[in-house]
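All values below were derived from every heavy atom in this structure, side-chain atoms included, with hydrogens, water molecules and symmetry-related copies excluded. All ligand and atom numbering here is 1-based and tracks the order in the structure.
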Amino acid sequence: MIGTLGTAPLPQSEIQGRLDRLLGEVQEASGQQVGYPTNQNFDYSALMPFLEYSLNNVGDPFHASNYKSNSHAFEREVIKRFAGLLRIAPEEAWGYVTSGGTEGNMYGLYLARELFPNAIFYFSEETHYSVLKNVRVLNARYIMIKRQQNGEIDYDDLYDMVRVHRDVPAVIMATIGTTMRGGVDDIERIRAMLSDLAVTNSYIHADAALSGMILPFVDDPQPFGFDAGVDSVSVSGHKLIGAPLPCGVVLTKRAYVERVGRAIELVGVQDTTLSGSRSAMGPLMMWYAFARYGNEGFRKLVTGMLDTAEYAVGQFNERGIPAWRHRNSVTVVFPRPPDDVIRKWQMAPEGDIAHIITMPHVTRPMIDELVADCAV
Ligand SMILES: Cc1ncc(COP(=O)(O)O)c(C=O)c1O
């Protein structure tokens, strides 16, 4: 193929040709994507000059670093904003900008394991695949819990399992907006369960990849934050906030992290993060989005997405297709359509269901066309 890599440098025209072709493919694909939760309405051109420098956010954003070309100050502001959204006092909060939701989940589990080395990890079969992988990487003991039809964890099964192992610390991975069905595990109910069973050594990590940026902006949110009893939360940055590069945030309590950090002389930083070198662009992009939208902007964005989701459910139902969604969810679930429809709309099916996620670029005309495709 023209422009493929060999050992000799490629002529500039071939390099450009290859890039142009990829750009065309990406432009075409992004217009008809309804199955994944990425907000594609953004403009970060103001940040382009930073790509001319080798920025690196290595280390703890709350400690000084020998590597001065960083965006730690912006990262701290982003963490502070998330502390407000996720309901923890900023002085009690600690966090950093991750490479995405998966790293945030890994961090939560790592921290839980450092605090409770012999804990059992509990998570539902609906949990994002990253969690099972992370638990395996940690070589931690785990029990997978059944899920309910609606995507929430099966509380009875969880109760029974924790009861049997009451003498062992319990780490619960709750999901705030499951990938496939948008289910929200009831944090307060899980906390009440642990208390009922007198399991005092416990830790709840909330995977709030998408809904961590929805629930803070609705009037009647399900319990989702530190006030509801979570110990750490992971949110993706490239999902609702929208970013051209994957990023995310993990937030936890400062007191926990103080127990795991180590000072690293080489870079003069506190080694509290999972990765060493970290993107400085992720924090800048999130900071820029928060600065541009403000809380009111995000509230409007979320309201619009929820309205579109409700519209989609209505359109499907009118055509006799039993679509549904959870309260405060932009994930619309319906019976799996034929493969050509799945391919056309880049959906993510699972067994006999599929979903669309009404991110800001998903318009009502797109939904009309999609519903017509599914109804054939
Ligand atoms: C519930 C949930 N958790 C975690 C992830 C992984 O996030 P990321 O792709 O940012 O690593 C996803 C991605 O879709 C998700 O839906």
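For the pair Gly101 and ligand 1, the shortest N or O to N or O distance falls below 3.5 Å.
Remark: distances from the non-hydrogen atoms of Leu210 to ligand 1 are all 4.0 Å or more. At least one heavy atom of His238 sits less than 4.0 Å from an atom of ligand 1.
Here atom 11 (O) of ligand 1 lies nearest to Thr102 when heavy atoms of Thr127, Thr102, Thr179, Thr175 are compared.
Annotation: Phe82 is in aromatic contact with Phe290 [ring centroid separation under 6.0 Å]. Here the two rings, on Phe62 and Tyr96, have centers that are 6.0 Å apart or farther.
A single hydrophobic cluster is seen to contain both Tyr256 and Ile204, as judged by linkage of ILVMFWY side chains at heavy-atom distances under 4.5 Å, directly or through other members.
Residue-ligand proximity, Ser236 to ligand 1, at heavy-atom distances under 4.0 Å covers atoms 7 (O), 8 (P), 10 (O). Set against the non-hydrogen atoms of Gly177, the atoms of ligand 1 under 4.0 Å away are 1 (C).
Among all protein heavy atoms, the one lying closest to atom 3 (N) of ligand 1 is Asp207 OD2, 2.5 Å. The nearest protein atom to atom 9 (O) of ligand 1, hydrogens excluded, is given as Lys239 NZ, 3.5 Å; this is a heavy-atom distance. Taking atom 6 (C) of ligand 1 as the reference point, the nearest protein heavy-atom neighbour is His128 CE1, 3.3 Å.
For the pair Thr178 (side chain) and Gly183 (backbone), a donor-acceptor distance under 3.5 Å is present. Side-chain atoms of Arg181 never come within 3.5 Å of backbone atoms of Val333 as a donor-acceptor pair (strictly under, hydrogens ignored).
The CG atom of Leu111 sits 5.0 Å away from atom OG1 of Thr252, with the distance rounded to the nearest 0.5 Å.
Within the 4.5 Å cutoff, the side chain of Arg191 has heavy atoms near those of the Ser202 side chain.
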